[in-house]
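Lettering follows sequence order; numbering is per chain, from 1.
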Amino acid sequence: MRSAGFLGIGGQGIVFATTVLGGALYRLGYYVAQLQNYGASVRGGAVYGYVVFDEDEIVNPFIEELEVLVILHEQGRRRWENIVRKSKKIIYDKDLVKPVENGIPMSIAEEADKHGVYRALNMVALGIASRILGVKGIDEAVDEVLRSRKNYELNIKAYEIGLELAGRARI
Amino acid sequence: MRSAGFLGIGGQGIVFATTVLGGALYRLGYYVAQLQNYGASVRGGAVYGYVVFDEDEIVNPFIEELEVLVILHEQGRRRWENIVRKSKKIIYDKDLVKPVENGIPMSIAEEADKHGVYRALNMVALGIASRILGVKGIDEAVDEVLRSRKNYELNIKAYEIGLELAGRARI
Amino acid sequence: MAEHFGLKYLRREVLPTAFCPGCYNGILMNALFQAFMELGIEDLKRFVFVSGIGCSSWIPSPFIKADSLHTLHGRAIPVATGVKLANPELNVIVIGGDGDLASIGGNHLLHAARRNMDLLVIMINNQVYGMTRGQAAPTTPHGMITPTTPYGNPERPMDVASIIAGTNANYVARWCISQYIPLKNSIKDALSRYSRGFRFLEVYAPCVTYVVRREGKTPGEKLKELMKKCVRIKTWREMSPEEREKHVATGVFKAEDKPGFIETYKKYIAQALGEK
Amino acid sequence: MAEHFGLKYLRREVLPTAFCPGCYNGILMNALFQAFMELGIEDLKRFVFVSGIGCSSWIPSPFIKADSLHTLHGRAIPVATGVKLANPELNVIVIGGDGDLASIGGNHLLHAARRNMDLLVIMINNQVYGMTRGQAAPTTPHGMITPTTPYGNPERPMDVASIIAGTNANYVARWCISQYIPLKNSIKDALSRYSRGFRFLEVYAPCVTYVVRREGKTPGEKLKELMKKCVRIKTWREMSPEEREKHVATGVFKAEDKPGFIETYKKYIAQALGEK
Amino acid sequence: MTERLFLSGNEAVVYGALDAGCRFYAGYPITPSSEIMHLMAKELPRVGGVFIQAEDELAAINMIIGASWAGLKSMTATSGPGFSLMQEGIGYAVMTETPLVIVDVMRAGPATGQATKSAQGDLMQARWGRHGDQYLVVIAPMTLQEAYDLVIEAFNIAEAYRVPVVFLMDEFIGHGREIVVRRDADKLVERRRPSDHEPPFGSKDPRIPPPMPRLGEGYYVLVTGSTHNEWGYRDVHGFETHYKLVTRLKEKIWGNIDKIFKYKVYGDPDARRTIVCFGSTCRPAIDAAKRVGGTKVLRLITLWPLDYGKLAEELSDAEKVVVPELNLGQLVYDVAQVYPRNKIRVVNKVGGGIPIYPSEIIKALEA
Amino acid sequence: MTERLFLSGNEAVVYGALDAGCRFYAGYPITPSSEIMHLMAKELPRVGGVFIQAEDELAAINMIIGASWAGLKSMTATSGPGFSLMQEGIGYAVMTETPLVIVDVMRAGPATGQATKSAQGDLMQARWGRHGDQYLVVIAPMTLQEAYDLVIEAFNIAEAYRVPVVFLMDEFIGHGREIVVRRDADKLVERRRPSDHEPPFGSKDPRIPPPMPRLGEGYYVLVTGSTHNEWGYRDVHGFETHYKLVTRLKEKIWGNIDKIFKYKVYGDPDARRTIVCFGSTCRPAIDAAKRVGGTKVLRLITLWPLDYGKLAEELSDAEKVVVPELNLGQLVYDVAQVYPRNKIRVVNKVGGGIPIYPSEIIKALEA
Amino acid sequence: MVRYKVFINKKLCKGCGICIEICPRNALRFNGINPETGYRNPEQAGECIGCRQCMWYCPDQAIVVVGER
Amino acid sequence: MVRYKVFINKKLCKGCGICIEICPRNALRFNGINPETGYRNPEQAGECIGCRQCMWYCPDQAIVVVGER
Ligand SMILES: Cc1ncc(C[n+]2csc(CCOP(=O)(O)OP(=O)(O)O)c2C)c(N)n1
Ligand SMILES: Cc1ncc(C[n+]2csc(CCOP(=O)(O)OP(=O)(O)O)c2C)c(N)n1
Ligand code: SF4
Ligand code: SF4
Ligand code: SF4
Ligand code: SF4
Ligand code: SF4
Ligand code: SF4
Ligand SMILES: [Mg+2]
Ligand SMILES: [Mg+2]
């Protein structure tokens, strides 16, 4: 069973990123389970979302360690410390999150801002996660999912920036 | 433990008769427990009320047989057949109630009507029960209780008619 | 022997009703049945009566020979709403008490009226909680003594018909039980000329046991008194405040024929889903 | 540095508030605090705020520095009633949403108003259920699309202030959030000139996230639009029906100073028990 | 002051409440509890208290919550349908640690059922009627004297532990009349006000209930039914805050079970036949035990929290256990926790206002 | 028709309900169940059904009762606070034998608690939340596929037994997303209409649910929440009528326990270590059992009625029993009915939306 | 000319007296207690003008007024 | 003459822009993202007439307008 997830705060679109990832994996024929934890999201608070996927039915989606975890905000990291501690490949925004042991620091928000896709920061994160997961056909599947949603242009651009960022970092 | 009770239908004042009896026994210093069973009484339906009393605390007021039972209406008799079957001294209105085995038939309502106390039929019944119980000082106690309530004149007159009826019948 | 016009709408086997002798609820029944008769309604197969808990809620259940739902205290209107929405072909009539519909059920009354839900609601304003032995209701006169207002009712009564008239309800009227003919005609109107949307009839009918007899009056005496006490809205408006206090304003507060909730709901759906 | 006049009435440690950026709830807070300030109220020790569940219910809890009871959805008014009756010396203010006070809590609102209960109730009419993500409220405009009215709202909005004005309430006003000065003055009135009985303020303040932004507007743009849309009752009454639809009638609907519930209750008891 | 009175149970409860210091009542009429309301309406103003008739039971329960926070000992009374409507409010009182007494005069259900007929069908609801994990106290009187005595105890527990207490009566007790001695209460518990810097919603030892501020005295208290920390600040995200709060609320009651849980043994304490019962049903049970001998009656006063250890102990060498209830079997679930189901004999009866008679219990004892 | 979808549990429930024939929904928004309402608002009109947003949960539950009597399969969804408000209405549905499905998407309580955080704290309330003696059915899905499949089953049970069914989900299931296969239902149960002279509220064999008239078809049906005889006539006095009615209502459910009660065994069926669980918590439990081996998982699908005999049987040679729950301990009361309390290990956790992890269950298994 | 007769259904009448008090012609009066129901029943005792007031206001559907030529 | 200065509390400001849009003098404008809060904050950029609109309508108690002589 494989997995990837995102940590951040309300307003960053964590749940949407998770849903797009889940939707893409679903299109690829995987068994997928997606979970998220948020409050009244328009109003801040830590948000956590992840998917697990497999070729077989998923016994248990409640897991303590993720294969890939992208952290976009300190609040998220703090609240889900135990997940962060146990997860394997961790990428975090070095400006918004305190250093994470064994994690890979990246300038995610800054890059997003630079490329004018700050509003789609979550898609940048998704691109990073996607690239690291390296599932066959995932980019096309994500594209398909995004096409069915609002702001396709912005989102796909951001996604591609994420792919590239992760590529550059050669994780 | 001694006991006495009344069976009738809504509107006959069964609960009031029971309460007066209970109140009188209370004034005499007994331990008294009173129970009644009725519906929305202004609108008919069987009504049952009784008191148990003793010089000691009452362990259990839920009893199946009464020492004295006055039955004023067939509906009451029918619904509480098992109580009627087991009770000891039973007086019933021979015009309003079907014959009761071992019971003593009396013209209670008719006599009440005759004496102009039909509205206080329940007090006639109380008088009967009282006389049969033969508790020392009960008449004075009943008088006292009735004085504190509305329609004293009518009620006490009816009560006395009851006493007399029971006396005449020499039960 | 000639038969009372109401009997065919009643379940004879449960008569006489369980109401106290003289209870005015029975007069409303007459008016209702006469309205049915005059509208040529032969039986009540396509009618559903819904009531809550209280003396007035016993009118349909079990006495009226029709489908009836005797629901929880205060909840007749939501149940009726469910019935009507699930089968808009049925005529759904709610009958209940002032406590049931305006106290515990007040919110449902307000919102069904706001929605202009396709129901006819008849509320018996008997000024008290009859079934539970005469406690104060939201309609109890200021200062009146009841078991829960032993020092006099500190609250002011609710003018239910006026409040409902202030919503989107289509038809609102108040009649006194002593106004048999206009009451009957109003019921007819609410079932024929105004047959959609929310229709509300307040029937002023003091509880014979806990109001009338407590005043030392017989039901007949009180009825005659009511014939004077209840006046048409216009007359009432022309009275002095003190006079008003002593009278009850009756009549039709509102009579419109806007589409009810169901029509509007269906219209929006048809528009959106492209059905016509 | 100069300090905002509101800060002394706030719990600084929990600021900024949890409201969305631009949420008009914060403007009401300013008006409220300015009213306190102008009335010379130094702190809120003798004030108790009671709220239900919803965004607007978060205004007092935890932000206002006073005793506050953040109660169940819809139940602020009964809790406030209990507080006030148990200690009539306290100033009890209810703040809540249109869903909270007029939908699930509608019955309590109606009956507290009928009783002329000694409370000040401020209802934020933001046209939706903000906290649960923008579903229709009883105040949602006819035809509006929300998550629970995907084909357009088939119901008509409730004119809450008018309905409450039709009860025994002492003071009823509606203001738009864009009418800062009259809103503030009205709050002052409801706390000073009219300090007893039931006082109700409806504050028209569309939800920035689920109404304003859905319309594609910024909170500032909408505020300026509201300054035109909200007119005084008199002006509104003079408008054509179509014009009325496009405007909101604001102003004081009612201003009386009758004894509230508590005075009346005490008077009756004193009379009966012979105390003076 | 000692007064020997002839009262109905509903009246006894009122005098008990007044003697316990109850000064606020809000309620809505319902058979068979209405007489409590009627007498409260009359008596409260005489002692400076306040009575209000609410528009419904939702309002009633929430009004007494407000009054309790404003500093008055507060109570309501109702019966099944009203009790069902009060559940959400009771849960709020548990969460906010609001002392209350809620009298439920049980009648035959479900739904409207038989409004004037006695029953004991709300036992499980009294414990579990609300959503979420919540723990309160349930007490049931057996005699009318106890309706008086134990309602005082109910107020004491409510105040001592800052918890709503459900006082579970039934129609027999509510409408029955019996001799009741009214006397000066031994000891009334008054709620503790916080001293400086004492948090109103937390304490180091979860078994120690936090002190309760009174509104209007400058505590700036934050009362909320949302998850909150010890100062009342909402935390709708954190695991720790929530878990700490709810376990404390449970521990506050269950951790004091030795003080709260009460029961009494009647009949032959060494007998191996045992009757387990609560409320008015205990009286025919005790009578039955007396009549046939060789029987112990285990009469539960506190129904929640229930000390299963004590129950197990008392039943440890029982050869037969009889559980009579005016319902279809609820207390029996407790007995079955500690005693083999197949050795329990039940006597269930409900409807028509007919009590369980000693003869029926004897039959079960001897079956 | 077979469709493989990626749905949230709330969405899966809606499609399950629609495929079961649900055509009426009334509800009031509440986190975390609101999406059920949103999707119903959209989908019902497309299949000729009716949706209405009620003014509160009291209205919602009573609206679906009315709609059910008018002939439509009806449903509502809510969460804890709303579920508490619905209790009286649910009791009425039990008493009047009204088929309904009530979805409770559980969140952390008590009171407002943590509205977006998962929990399993309403189990006991689902069973006992109402006054009087009343029995209904409670079912809990474990996966999102089951949210779809079992809600169909819930409708089937509701219709077959004329009973409200509580569908107990939790936030993890409601808001989680998973692959769900939507397919033609095997078998839909449709309520039976009475033939001539068949009473709508009685049957000789109490285990056979009476047929249900539809309003407006000339049955002249009398529906009442008061005690009534088999034709619906009120009898608020008689013992026999009441006792017969309530025991029949109980027997209608408990007497069919062999058909209604369902559970599944996972892991090693012969193992002597057993985990007993329900709902989403079963998934980490099954995972734990798989990881450590030698463990049986007893997963309850039906939570009420509960076949204690079967439970006892399954636990008869268990050496250790672990009961993990997202609450402070509710299912454990059932296990303790048939298994010694002191040999049960509990894993209780609630708050913050943190699930029980397999590691925690393993710890308990190995403790 | 039409003559009116008033019929009382003794099974339904609860003896409330409304009909007697409401009749503009005082055409009705009580007639002793009905042993079956325990209620007093009215009977016609004077000329009836067929106004139907008694029928409308009898709460128990116990009165029928019939006109005969 | 009085001169008015507008102070923005950057801890409280959520960058909603109301003040900027409401100011009759266009005296305010945005000033980049505040890294602490992630919100853009306004700053004074023109003449202020002290009308207090911005202060009243700022929902976050983030504005103070001070008049100086
Ligand atoms: C939830 C609930 N609360 C209270 C009651 C008790 N109760 C039954 S009828 C009634 C009041 C009836 O008054 P109203 O509705 O005015 O009807 P009336 O008897 O006066 O016609 C009450 C309070 C109940 N059945 N259910
Ligand atoms: C009994 C109950 N039902 C539903 C909810 C869910 N809920 C929370 S807030 C809310 C609506 C809030 O709307 P409103 O009162 O208008 O306040 P706003 O957020 O719009 O200010 C709802 C339905 C709840 N908490 N309790
Ligand atoms: S109590 Fe009043 S309303 Fe009820 S039946 Fe008697 S007279 Fe009619
Ligand atoms: S959702 Fe609407 S009402 Fe709630 S905080 Fe945001 S803008 Fe304000
Ligand atoms: S009005 Fe009807 S019930 Fe009353 S006395 Fe006359 S006939 Fe009888
Ligand atoms: S019809 Fe008129 S006149 Fe004739 S008896 Fe009846 S009320 Fe009197
Ligand atoms: S006080 Fe007036 S002029 Fe000055 S900045 Fe604010 S809004 Fe603009
Ligand atoms: S109005 Fe207030 S919160 Fe909004 S941008 Fe201006 S200063 Fe910031
Ligand atoms: Mg009434
Ligand atoms: Mg709102």
Quick one: what part of C:H142 sits under 4.5 Å from any heavy atom of chain D, side chain, backbone, both or neither? both
Can you tell me which of D:G105, D:P138, D:G166 forms the most heavy-atom pairs within a distance under 4.5 Å of chain C? D:P138
Is the number of heavy atoms from other residues, nucleotides or ligands within 6.0 Å of NZ (D:K266) greater than 12? no
When D:P150, D:G152, D:S103 are compared by non-hydrogen pairs under 4.5 Å with chain C, the top option: D:S103
Working to the nearest 0.5 Å, report the span between OH of D:Y265 and CG of C:N153. 11.5 Å
Where on C:A102 is there a heavy atom nearer than 4.5 Å to chain D: the side chain, the backbone, both, or neither? backbone
Inter-residue atom distance D:M158.CE - C:R115.CZ, 0.5 Å rounding: 10.5 Å
Checking C:R114, C:M117, C:H111 against D:E155 for side-chain contact (heavy atoms from CB on, under 4.5 Å), the one that qualifies is C:R114
D:A272 and C:Y151 have their tightest heavy-atom pair at CB-CD2, 3.2 Å
Toward chain D, the part of C:D159 with a non-hydrogen atom under 4.5 Å: neither
Does CD belonging to C:E245 count more than 12 external heavy atoms closer than 6.0 Å? no
So what's closer than 4.5 Å to chain D heavy atoms on C:P157: side chain, backbone, both or neither? backbone
Report which part of C:I104 has an atom under 4.5 Å of a heavy atom belonging to chain D: side chain, backbone, both, or neither. backbone
Hey, could you give me the CD1/CG distance between D:I163 and C:L110, rounded to the nearest 0.5 Å? 5.0 Å
